[in-house]
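In what follows, a single structure is set out as structure tokens and then discussed.
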Number of protein chains: 2
Amino acid sequence: MAQRSTFRRKGRATIIDVGRVAGVSDATVSRALNRPETVSQTTRERIHAAIAETGYVPNPLAKAMVSGRTHTVGALVPTLDHAIFSKFLHALETELSAQSYNLVVAVTEGDNTLELEKAKKLLSMGVEGLIVSGLSHNGELLELAERAAVSLVATSYYEPGASLPTIGYDNEVAAKLALAHLTGLGHRNIAVIHGPVSSNDRTQSRLKGLHDAGNDIDLHFIQTSLDYRGGGEALLQWDRSMTAILCLSDVLAMGALFKLQADGIQVPHDVSLMGFDNMDPSEFLTPPLTSLKLPIEDMGKATAKAVCDHLQSGEPIASIELHTQLAVRDSTAPVGK
Amino acid sequence: MAQRSTFRRKGRATIIDVGRVAGVSDATVSRALNRPETVSQTTRERIHAAIAETGYVPNPLAKAMVSGRTHTVGALVPTLDHAIFSKFLHALETELSAQSYNLVVAVTEGDNTLELEKAKKLLSMGVEGLIVSGLSHNGELLELAERAAVSLVATSYYEPGASLPTIGYDNEVAAKLALAHLTGLGHRNIAVIHGPVSSNDRTQSRLKGLHDAGNDIDLHFIQTSLDYRGGGEALLQWDRSMTAILCLSDVLAMGALFKLQADGIQVPHDVSLMGFDNMDPSEFLTPPLTSLKLPIEDMGKATAKAVCDHLQSGEPIASIELHTQLAVRDSTAPVGK
DNA sequence: TCCGCTAATGTAGACGTCTACATTTTCGCG
DNA sequence: CGCGAAAATGTAGACGTCTACATTAGCGGA
């Protein structure tokens with residue numbers, strides 16, 4: 001803990017202090033650290049001793065400043081407290097970190113104003129790329145990112161015509177796929193339980209995909225809060241004339257299933273139940289839940305790769321479509337059963 | 001999109017370019033931006049026009065370098081793909097962001113070597129504080145953080161004697177509390193389902209809390225994988241002589257419950273089932289799951305506050321104990337029933 | 001022994017912003 | 001009309017690291 005004033009200016013030793021102790025210039029120290037082969041054996045040893053003596057730690061800010069790189073990518077997500085986003089971020093972080101990038105996370109609560117505000121913070125800390133969720137954003141966001149020369153990419157979406165690259169899946173098609181499964185089983189009168197529409201463009205797209213279902217299909221849309229409770233409460237608007245329930249999220253489906261179980265209503269005997277997301281527990285439920293698999297982990301990996309490639313090559317980011325897939329399990333059955 | 005070579009050096013306009021266009025020095029521009037009241041009205045206007053013209057965006061790195069601050073805090077968590085940690089991070093981010101700090105997240109997969117590696121990356125990008133989960137770490141970590149003059153705080157734990165400040169709860173006490181609930185209902189022969197012990201010191205502590213349960217209590221420890229499947233599979237080692245099952249995580253409890261439901265075993269009639277964590281769905285299960293509430297959100301908030309206070313005041317971080325609490329619901333019943 | 005080449009090290013200035021201090025301008029008031 | 005204080009602006013150098021270029025040292029060969 002010796003406080004050698006020789007090599008301490010404002011608390012921390014600098015590369016110059018190390019040089020002074022080792023009897024060389026700062027440039028030599030820098031070289032010893034970054035390209036050791038250009039420094040003689042003996043000098044290198046003296047320098048390392050000096051580093052140990054001074055407790056020198058490179059100043060990351062000075063480094064970043066001179067290189068102009070922070071190796072940092074920012075992600076804006078509506079929430080962390082939802083398996084979809086945390087799974088996505090997990091995959092994203094893993095891949096980014098494999099390529100030596102750091103991930104800064106900011107939560108937007110689905111609020112475009114807050115999103116803009118947090119985007120500013122991320123930009124003003126020097127992120128090199130910015131990942132957002134969905135397509136509806138404050139108009140200023142794009143402009144902001146462009147001014148900062150930071151490239152933007154949207155996820156949870158695939159829409160090649162959009163004003164920014166998108167990496168994700170087609171929510172409309174996915175919703176159609178889910179519905180087709182139920183109609184294929186003969187269901188014609190179907191409850192659709194979904195979360196709030198405002199400030200959730202994924203839900204909006206999914207609903208859009210359902211709207212032109214066809215004349216002989218009766219859809220009853222039930223909006224509720226996007227949580228387990230909401231799934232249960234939505235059932236108040238359900239009656240047995242609707243032979244199937246399509247939930248636009250597995251959380252809602254589980255909420256509904258638990259309520260049905262509590263009420264003694266048999267799935268799929270009394271009603272078919274289908275989710276959307278394919279979350280971890282879904283396949284273990286009783287009965288195992290039919291759902292729609294979203295390629296969340298792939299999306300995380302692909303997004304990380306795209307951003308890293310872009311930062312390396314300078315090429316613009318291309319949109320990538322990932323595919324959704326039915327996971328047919330026991331919670332859905334033919335209408336007659 | 002005019003490419004005025006006058007004010008472009010390496011692609012981006014600098015504060016000096018703005019000054020040149022506005023006909024003032026860089027210092028005046030800097031002041032106009034940071035302390036506008038010290039600059040005359042007319043000059044300010046000219047400067048803002050110049051900023052618009054040049055598309056100037058302050059370089060965050062230079063700023064950080066001169067101020068020596070990044071306003072960034074790092075968090076190392078075992079995984080993001082688990083509600084506990086993502087809930088924690090959500091609360092953490094919310095509070096940090098309220099105090100204008102950014103959050104960098106790194107995933108350790110519960111591996112101390114990887115943790116150390118990622119800690120290095122976080123330090124070398126300039127985090128001002130580092131939040132880790134649990135107490136078992138690579139020894140180098142503490143040393144590293146100290147050298148970088150970055151303060152460390154451990155969460156999910158409360159242990160005032162530890163070598164670093166801890167903000168969390170007492171896992172041993174919590175486990176005892178859970179067990180006491182079951183023994184209080186008369187259960188004497190209890191299965192304890194838990195996840196992998198290695199590299200999970202929270203599980204270790206919880207088990208430690210159970211070990212001196214008392215002579216008349218028979219505990220059957222069943223280790224399994226920490227996921228829904230694991231909870232179900234663990235039941236292979238359970239038989240009806242064990243009148244209660246204590247799962248050291250709600251994920252395991254849900255996995256077990258779903259399997260019990262599938263097998264037609266009634267909870268709590270045939271067996272009492274208790275979880276640990278109190279995750280979102282638990283109260284909606286059929287039957288609602290008795291669990292042990294962990295103060296995860298409080299922990300996130302408290303940790304953020306502690307770190308921010310520390311960074312503001314320079315005072316060392318003090319350990320904080322948060323309390324756990326039983327959430328008694330219908331999945332547990334007296335042994336006779 | 002000296003030339004010339006290579007290896008090793010030093011010098012100087014750049015990166016973009018901030019700020020203490022110096023200087024200039026402004027303006028009120030006698 | 002000029003003095004002096006206050007307001008406005010400029011100058012210079014710091015922050016810590018990197019690197020192109022300049023310089024010195026070292027060494028083998030003739």
Side-chain angles (χ1 to χ4, degrees), chain A residues 7-48 50-51 54-71 123-126 128 147-149, chain B residues 7-48 50-51 54-71 123-126 128 147-149:
Chain A
F7 52 78
R8 295 226 159 204
R9 186 177 292 266
K10 225 173 76 189
R12 300 271 299 275
T14 75
I15 205 172
I16 298 182
D17 300 321
V18 174
R20 183 153 45 236
V21 171
V24 296
S25 74
D26 62 331
T28 303
V29 178
S30 174
R31 274 187 294 257
L33 258 32
N34 300 316
R35 281 150 47 213
E37 72 282 3
T38 66
V39 167
S40 77
Q41 173 75 23
T42 53
T43 311
R44 229 182 304 152
E45 280 164 9
R46 231 162 353 111
I47 288 176
H48 282 117
I51 287 176
T54 54
Y56 167 74
V57 175
N59 180 327
L61 299 153
K63 222 172 215 168
M65 153 119 202
V66 69
S67 71
R69 309 219 38 189
T70 57
H71 278 274
L123 291 173
S124 79
M125 75 165 278
E128 296 184 28
R147 273 218 311 270
Chain B
F7 52 79
R8 295 226 158 203
R9 186 178 291 268
K10 224 174 75 188
R12 300 269 301 274
T14 75
I15 205 172
I16 298 181
D17 299 321
V18 174
R20 183 153 46 235
V21 170
V24 296
S25 75
D26 62 331
T28 303
V29 178
S30 175
R31 274 188 292 258
L33 259 32
N34 301 315
R35 281 151 46 215
E37 71 281 5
T38 66
V39 167
S40 77
Q41 173 74 24
T42 54
T43 311
R44 229 183 303 152
E45 280 165 8
R46 230 162 353 111
I47 288 176
H48 281 117
I51 287 176
T54 55
Y56 167 73
V57 174
N59 181 328
L61 298 151
K63 221 173 216 167
M65 153 121 201
V66 67
S67 71
R69 308 216 42 186
T70 57
H71 279 273
L123 291 173
S124 79
M125 75 165 278
E128 297 183 27
R147 273 217 311 270

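First the proteins, then the strands, lettered A, B, ... as listed; each starts at 1.
Of the possible donor and acceptor atoms, none in the side chain of Thr54(A) sits under 3.5 Å from a partner among the backbone N and O of Val18(A). Panel note: side chain Glu128(B), backbone Arg69(B); no donor-acceptor pair is recorded below 3.5 Å.
Between dG10(C), dA8(D), dT9(C), one nucleotide has an atom nearer to the side chain of Thr43(B) than all others, and that is dA8(D).
Atom CZ in Arg69(A) sits roughly 18 Å away from atom C1' in dG16(C) (whole-Å rounding). For the pair Gln41(A) CD and dA8(C) P, the interatomic distance rounds to 10 Å; values are reported in whole Å. Computed from coordinates, the Arg20(B) CZ to dG10(D) P distance equals 14 Å when rounded to whole Å. Going from atom CG of Leu61(A) over to atom C1' of dG16(C) covers 13 Å, rounded to whole Å.
Evaluation of the side chain to side chain contact (heavy atoms under 4.5 Å, CB included) rule for Arg147(A) yields Glu143(A), Leu144(A), Val57(B) as partners, not counting sequence neighbours. With sequence neighbours left out, the side chain to side chain contact (heavy atoms under 4.5 Å, CB included) criterion links Pro58(B) to Tyr56(B), Lys63(B). Residues that satisfy the side chain to side chain donor-acceptor pair (under 3.5 Å) test with Gln41(B), not counting sequence neighbours, are Glu45(B).
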One pair to check against side chain to side chain contact (heavy atoms under 4.5 Å, CB included): Ile47(B) and Arg44(B). What are the steps and the verdict?
CA-CA 5 Å; Ile47(B) 288 176; Arg44(B) 229 183 303 152; 5.7 Å; no
Pair Arg12(A), Asn59(A) - check side chain to side chain contact (heavy atoms under 4.5 Å, CB included), show working.
CA-CA 9 Å; Arg12(A) 300 271 299 275; Asn59(A) 180 327; 5.8 Å; no
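Residue Thr38(A) places none of its side-chain N or O atoms closer than 4.0 Å to OP1 or OP2 of dT9(C).
Between the two ends of the helix from dT1(C)-dA30(D) to dG30(C)-dC1(D), each summarised by a five-pair axis, the helix axis turns through 60° (rounded to 10 degrees).
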Hey, can you pull the donor-acceptor pairs under 3.5 Å for the side chains in residues 29-36 of chain B, sequence neighbours left out?
{"residue": "Ser30(B)", "atom": "OG", "partner": "Asn34(B)", "partner atom": "ND2", "Å": "3.3"}
{"residue": "Asn34(B)", "atom": "ND2", "partner": "Ser30(B)", "partner atom": "O", "Å": "3.1"}

Nucleotide N/O of nucleotides 17-19 of chain D paired with protein N/O under 3.5 Å:
{"residue": "dT17(D)", "atom": "OP1", "partner": "Tyr56(A)", "partner atom": "OH", "Å": "2.6"}
{"residue": "dT17(D)", "atom": "OP1", "partner": "Asn59(A)", "partner atom": "N", "Å": "3.0"}
{"residue": "dT17(D)", "atom": "OP2", "partner": "Ile15(A)", "partner atom": "N", "Å": "2.6"}
{"residue": "dC18(D)", "atom": "OP1", "partner": "Asn34(A)", "partner atom": "ND2", "Å": "3.1"}
{"residue": "dC18(D)", "atom": "OP2", "partner": "Ser30(A)", "partner atom": "OG", "Å": "2.9"}
{"residue": "dC18(D)", "atom": "OP2", "partner": "Asn34(A)", "partner atom": "ND2", "Å": "3.4"}
{"residue": "dC18(D)", "atom": "N4", "partner": "Asp26(A)", "partner atom": "OD2", "Å": "3.1"}

